[in-house]
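These notes concern the structure reproduced below.
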Amino acid sequence: MVTKNIKLDVAVVGATGLVGQEMLSILEERKFPVKNLYPFASEISAGEKVKFNGEEVTILPLNKKNIESTSVDIALWSIGSELSLEYIPVAIKAKWINIDNSAAFRMEKDVPLIVPEVNGDKLNSVKRGMVIANPNCSTIQLVQILKPLHDQYGLKRVVVATYQSVSGAGKLAMKELEEQTVNLLNGRSISKQVFPHQIAFTILPHIDDFLDNLYTKEEMKVINESRKILALPDLKITSTCARVPVFYSHSEAVNIEFRKSCSLKDVRSLLSHTEGVKIADDPKRFVYPLNVEATGKNETYVGRIRLDESVESGINLWIVSDNLRKGAALNAVQIAELICNKL
Ligand SMILES: NC(=O)c1ccc[n+]([C@@H]2O[C@H](COP(=O)([O-])OP(=O)(O)OC[C@H]3O[C@@H](n4cnc5c(N)ncnc54)[C@H](OP(=O)(O)O)[C@@H]3O)[C@@H](O)[C@H]2O)c1
């Protein structure tokens, strides 16, 4: 939350998207000190309205001229890498402070990649015309639990498998899952536009493009971004990312090997005192993190915590977080709050 007495001109770029819509509601919810709101989207949505703080605000088409002529303090971008690469340089020249949700700038040396509870201290100076990157949704929830565990026990190796919801692929992907599910249940044929295979009732072991090393881009984002955020460039970490036919919230099975010995009781206690993390772990009562329960919440839920009996010191756990909130919009708004307190 912002405690300072300040009012800012805020742009939400991609305001009609799944992340953009969530950004608007989180800005409202957390009473972000907005003086003027400028929602941007494509030409298709220009002229339509978004609701913000009880008022209707007209959507502006994103183009060079509109960026140059709009006075903005902080801009929250969620329009994808290609468009971010095209338009953020214009916003930099116009002296906007840019928080970008795409992968376009995340691995650039001079661009801070921030999860406020984990490495908010890396945002030590804020300048007009800068870019701050919001990490990938799967990375955010992972580093939230890796950071305190590393500080306590030293990470030796991390193996993560993700089970990512369809909302992570945007609003057209949501529509595709919905339509395919309804059509299949009614014995009708289906069509595919977003995913290369039927997504309804299917697990796709494939998110984003395949690379020369046979990992996908998404898998390498989890690996490289975790290393950057934790400031552990040599961290041994590997990942497999899968898309599952659920609408909201990403789940991850995480195996972590430590350098120092650990006890289950201490791991539990450590994670239960970690900001932004909630324990849901009572197997006897069937309590563990569920995507349907994490949806709409701000915390990352952790459960199924158990010792990995195949190594000297290690654990397995299951984490779940709302990809549109902590995985995207909430984290971006929290970064904006950090900025406010530094302006
Ligand atoms: N979904 C997630 O969980 C998640 C998590 C982390 C990061 N992200 C990232 O956030 C970005 C958006 O994701 P999303 O899920 O919100 O996608 P989405 O639901 O498909 O929304 C895309 C947004 O981009 C706008 N847009 C498309 N073409 C445009 C153009 N030429 N000029 C201006 N605006 C344009 C759309 O406006 P119109 O409605 O007018 O077309 C819409 O507002 C992506 O970079 C994604 O990787 C997403």
Side-chain angles (χ1 to χ4, degrees), residues 8-24 26-27 32 34 36-46 50 59-116 119-120 122-137 139-140 168 170-171 208-209 217-218 221 224-225 228-229 324 327-340 342-343:
L8 300 173
D9 290 329
V10 175
V12 172
V13 188
T16 53
L18 293 182
V19 175
Q21 287 285 299
E22 204 68 35
M23 281 169 167
L24 292 172
I26 292 175
L27 286 168
F32 192 85
V34 177
N36 294 298
L37 176 80
Y38 299 103
F40 286 89
S42 75
E43 288 287 349
I44 302 166
S45 310
V50 292
I59 297 170
L60 301 164
L62 184 69
N63 55 46
K64 202 166 171 259
K65 198 170 132 255
N66 277 345
I67 295 175
E68 286 164 348
S69 61
T70 310
S71 164
V72 165
D73 296 303
I74 297 182
L76 306 176
W77 295 76
S78 63
I79 51 171
S81 294
E82 238 173 81
L83 291 166
S84 281
L85 282 170
E86 184 176 346
Y87 289 109
I88 289 184
V90 185
I92 290 172
K93 277 204 189 126
K95 301 277 180 235
W96 295 11
I97 298 172
N98 305 285
I99 302 167
D100 183 34
N101 259 284
S102 82
F105 300 93
R106 287 179 192 151
M107 294 312 296
E108 284 197 8
K109 200 169 156 281
D110 300 329
V111 173
L113 182 63
I114 301 292
V115 178
N119 66 341
K122 290 280 171 335
L123 198 60
N124 33 31
S125 70
V126 173
K127 285 195 294 273
R128 296 223 160 239
M130 79 183 293
V131 182
I132 297 130
N134 206 56
N136 174 272
C137 37
T139 309
I140 293 177
K171 58 184 177 181
D208 210 332
D209 300 335
K217 267 191 189 167
E218 185 81 356
K221 283 179 216 166
N224 292 327
E225 293 176 20
K228 178 168 174 176
I229 295 163
L324 295 178
L330 172 64
N331 199 69
V333 172
Q334 287 174 315
I335 294 172
E337 290 171 352
L338 276 185
I339 293 171
C340 267
K342 287 178 189 295
L343 280 177

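Positions are given from 1 along the sequence.
Distance alone, capped at 3.5 Å, places no donor-acceptor pair between the Thr70 side chain and the Val72 backbone. Formation of a donor-acceptor pair under 3.5 Å by the Ser81 side chain with backbone atoms of Ala103 is found in this model. Side chain of Glu22 to backbone of Ala328: no donor-acceptor contact under 3.5 angstrom is found. Put simply, the side chain of Asp209 never gets that close to the backbone of Lys217: no donor and acceptor are under 3.5 Å apart.
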Test log, rule side chain to side chain contact (heavy atoms under 4.5 Å, CB included), inputs Phe32 and Leu76:
CA-CA 13 Å; Phe32 192 85; Leu76 306 176; over 6 Å; no

Give the C-alpha distance, both sets of side-chain angles, the deciding distance and a yes or no for side chain to side chain contact (heavy atoms under 4.5 Å, CB included) between Val12 and Leu27.
CA-CA 10 Å; Val12 172; Leu27 286 168; 3.8 Å; yes

Do Leu8 and Val34 pass the side chain to side chain contact (heavy atoms under 4.5 Å, CB included) test, and can you show the C-alpha distance, the side-chain angles, and the key distance before you say yes or no?
CA-CA 5 Å; Leu8 300 173; Val34 177; over 6 Å; no

Could you give me the CA-CA distance, side-chain angles and deciding distance for Asp100 and Val111, then say whether side chain to side chain contact (heavy atoms under 4.5 Å, CB included) is met?
CA-CA 10 Å; Asp100 183 34; Val111 173; over 6 Å; no

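By the 4.5 Å heavy-atom criterion applied to side chains, Trp77 and Val131 are not counted as neighbours. Within the 4.5 Å cutoff, the side chain of Leu330 has heavy atoms near those of the Gln334 side chain. Proximity of Thr139 to Leu113: side-chain heavy atoms (C-beta onward) are nowhere separated by under 4.5 Å. The shortest distance between side-chain heavy atoms of Ile140 and Asn134 falls below 4.5 Å. Contact check for Ile67 versus Trp96: side-chain heavy atoms found under the 4.5 Å cut-off. For the pair Lys228 and Asn119, the minimum side-chain heavy-atom distance is 4.5 Å or more. By the 4.5 Å heavy-atom criterion applied to side chains, Ile339 and Ile132 are counted as neighbours. Looking at heavy atoms from C-beta onward, Asn98 lies out of side-chain contact with Phe105 at the 4.5 angstrom threshold.
Atom CD1 of residue Ile99 and atom CE of residue Met130 lie 9.5 Å apart, to the nearest 0.5 angstrom. From Asn124, atom CG reaches atom NZ of Lys342 across 6.5 Å, with rounding to the nearest 0.5 Å. With values rounded to the nearest 0.5 angstrom, Cys137 atom SG is found 9.0 Å from Asn101 atom CG. Interatomic distance, CD1 of Ile26 versus CD of Gln21, reported as 11.5 Å (0.5 Å rounding). For the atom pair CG of Leu60 and OG of Ser45, the computed distance is 11.5 Å after rounding to the nearest 0.5 Å.
Shown here for Asp9 and Ser71, the closest heavy-atom pair between the two residues is CB-O, 3.4 Å. The shortest non-hydrogen separation linking Ile114 to Gly120 is CG2-CA, 4.2 Å. Of all the heavy atoms in Pro135 and Asn331, the pair that sits closest is CD-ND2, 3.7 Å. Minimum heavy-atom separation, Asn63 to Asn66: OD1-N, 2.7 Å. The heavy-atom pair separating Ile335 from Ala133 by the smallest distance is CD1-O, 4.2 Å. Considering all non-hydrogen atoms of both residues, Ser102 and Gly80 come closest at CB-C, 3.5 Å.
Crowding of Lys64 atom NZ: a count of heavy atoms from other residues, nucleotides or ligands under 6.0 Å not exceeding 12.
Of the charged side-chain nitrogens involved, at least one lies within less than 4.0 Å of a carboxylate oxygen, so that Lys221 and Glu218 count as a salt-bridged pair.
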